[in-house]
Amino acid sequence: MAVTAEPSNHLEHKGYNRGLILGLTMAESMLLLVFCLLLVAAAIINNERTKALSDQKSLQQQVVAAQQELAAAKLERDDLRQKLQTAEDKLKQAHEQLQALTLASVDREKFEKEWRDLQLAKQDLQKLKDSGITAETVEEFQKTLVVLKENQLPEDAAALSARLKELRAAETSLAASKPHEWPPIINLSEADGNYFRSGSAELEAAFDAKLRGAVSDQIADALQRYQVDVIEVVGHTDEQPISRRGSNLDQMVMDVLDGKKSIAGVVPADNAGLGLARAVSVANALKSEGKLKGATILPLSAAQLILPGDVITTGQAGAEETRRRIEIRIRRRNQEQHVAR
């Protein structure tokens, strides 16, 4: 029995020791947890304290700013009071001086009459302003009256309206009795010695000189005479086919028209392209003339479609010098708003 009890006591003592160690470990864990909670609480409290200090500082700054604004407002108020007092003193002094003045009865009546006239004029002026009539408008009316007198026209509105109707009727009658006069079309064909280089849009020297001389003078005279501002340069060809497969017209035409590249490098692939290239070449020559500076020059192509005399072709093939031509037409600009490219 003694041998059996000894191990049992040993086991009990060992279990007690284990329980003691486990208990100490849990206690330490609880202390550690409490310590961590205290750290978190301290951090939260510190954060709230910092935020409170920041808010307090911001409020203090706002209070200082408000106090400064209040002080400035008080200074401004005191300054306004002083100015008001000064103005009242001056007004009182002026009133006393006015009372001290003694006018004779004749002078007083004249003064009162002029004062009434001035007030009436002021009321009339205000009525004119309310109706939209300004000093500039009155000045324009005066200029109009001068023009009417110079042209012996009546100044009365009704009489002037009747006279204008008579003039319009006379103008309509005159226009109806006179046929309309159109600007001439300038025809520059190879048959008249106006040549381009063969198969090209380059101008021959004689043709270029003619465009910059007699032709531009004729166009300038027509622009002035017919009061027009658009010059159309239309390139025409004959019906000989062009044996080219490739063309660089689309890539180069804008640079040539702007003067950035030479027309010599343009390669058209058909008669429509050749007509346009030649029209661009002529347009560039005309644009260089100062006498045509105010006009818009438009290069166009009619290809081989239109015969001389504004007749559509029926298919006459072959080389014809009279069909290889440039037509220059002038007209007035369309009234629709143009779109800038």
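- Ion pair K51/D55 not flagged as a salt bridge, since none of the NZ, NE, NH1 or NH2 atoms sits closer than 4.0 Å to an Asp/Glu carboxylate oxygen.
- Through direct or relayed side-chain contacts under 4.5 Å between Ile, Leu, Val, Met, Phe, Trp and Tyr, L32 connects to no other residue.
- Linking ILVMFWY side-chain heavy atoms closer than 4.5 Å, directly or via other members, places I328 and I185 in two distinct hydrophobic clusters.
- The line from CZ of R278 to OG of S301 is 10.5 Å long, rounded to the nearest 0.5 Å.
- When atom types are taken as modelled, the side chain of S58 and the backbone of S54 share no donor-acceptor pair closer than 3.5 angstrom.
- Annotation: the span from Q304 atom CD to L274 atom CG amounts to 10.0 Å, rounded to 0.5 Å.
- Paired with L298 under the rule side-chain contact (heavy atoms from CB on, under 4.5 Å), one option of V234, V233, V230, I231 passes, and it is V230.
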(request) Using the side chain to side chain contact (heavy atoms under 4.5 Å, CB included) rule, take D217 and K291 through it: C-alpha gap first, then chi angles, then the decisive distance, then the call. (result) CA-CA 8 Å; D217 290 340; K291 60 179 75 73; 2.8 Å; yes
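- Between R77 and L80 there is no side-chain heavy-atom pair separated by less than 4.5 Å.
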(message) Let's go through L188 and V215 carefully: what are the C-alpha distance in whole Å and the side-chain angles of both, what is the deciding distance for side chain to side chain contact (heavy atoms under 4.5 Å, CB included) to 0.1 Å, and is it a yes or a no?
(response) CA-CA 9 Å; L188 305 170; V215 173; 4.1 Å; yes
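- Between L292 atom CG and R212 atom CZ the span is 11.0 Å, to the nearest 0.5 Å.
- With 3.5 Å as the limit, one finds no donor-acceptor pair spanning the side chains of D89 and Q93.
- To the nearest 0.5 Å, the span separating CG on D117 from NZ on K122 amounts to 14.5 Å.
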(message) Walk me through whether E321 and Y195 qualify under side chain to side chain contact (heavy atoms under 4.5 Å, CB included).
(response) CA-CA 9 Å; E321 288 186 338; Y195 292 103; 3.8 Å; yes
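- Follow the hydrophobic side-chain contacts under 4.5 Å out from L211 and you reach I330 in the same cluster.
- Pairing each heavy atom of A285 with each of L203, the nearest pair is CB-CD1, 4.1 Å.
- Put simply, the side chain of N194 gets close to the backbone of S189: a donor and an acceptor are under 3.5 Å apart.
- Minimum interatomic distance between S216 and L286 (heavy atoms only, all atoms of both residues): CB-CD2, 4.5 Å.
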Donor-acceptor contacts under 3.5 Å from residues 67-76 side chains, at least two apart:
none

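- L276 and L300 fall into different hydrophobic clusters, where Ile, Leu, Val, Met, Phe, Trp and Tyr are joined by side-chain heavy atoms under 4.5 Å apart, directly or via other members.
- For T313 (side chain) and I306 (main-chain N/O), no donor-acceptor pair under 3.5 Å exists by modelled atom type.
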(request) Could you please spell out the steps behind the side chain to side chain contact (heavy atoms under 4.5 Å, CB included) verdict for R323 and L307? (result) CA-CA 6 Å; R323 295 185 61 180; L307 300 173; 3.3 Å; yes
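- The CG atom of L305 sits 8.0 Å away from atom CD of E239, with the distance rounded to the nearest 0.5 Å.
- The two residues V256 and N284 make their nearest non-hydrogen contact at O-ND2, 2.9 Å.
- Residues L257 and K287 have side chains in contact (heavy-atom distance under 4.5 Å, counting atoms from C-beta outward).
- Residues I242 and T237 fail the side-chain proximity criterion, which asks for heavy atoms closer than 4.5 Å.
- Under a cut-off of 6.0 angstrom, the local environment of CD in E88 is crowded, with over 12 non-hydrogen atoms contributed by other residues, nucleotides or ligands.
- For Q82, the CD atom is loosely surrounded, since the number of other residues' heavy atoms within 6.0 Å does not exceed 12.
- If you take CZ on R116 and CD on E114, they are separated by 10.5 Å, rounding to the nearest 0.5 Å.
- In this structure, D221 does not pair ionically with R225, as no charged nitrogen and carboxylate oxygen lie closer than 4.0 Å.
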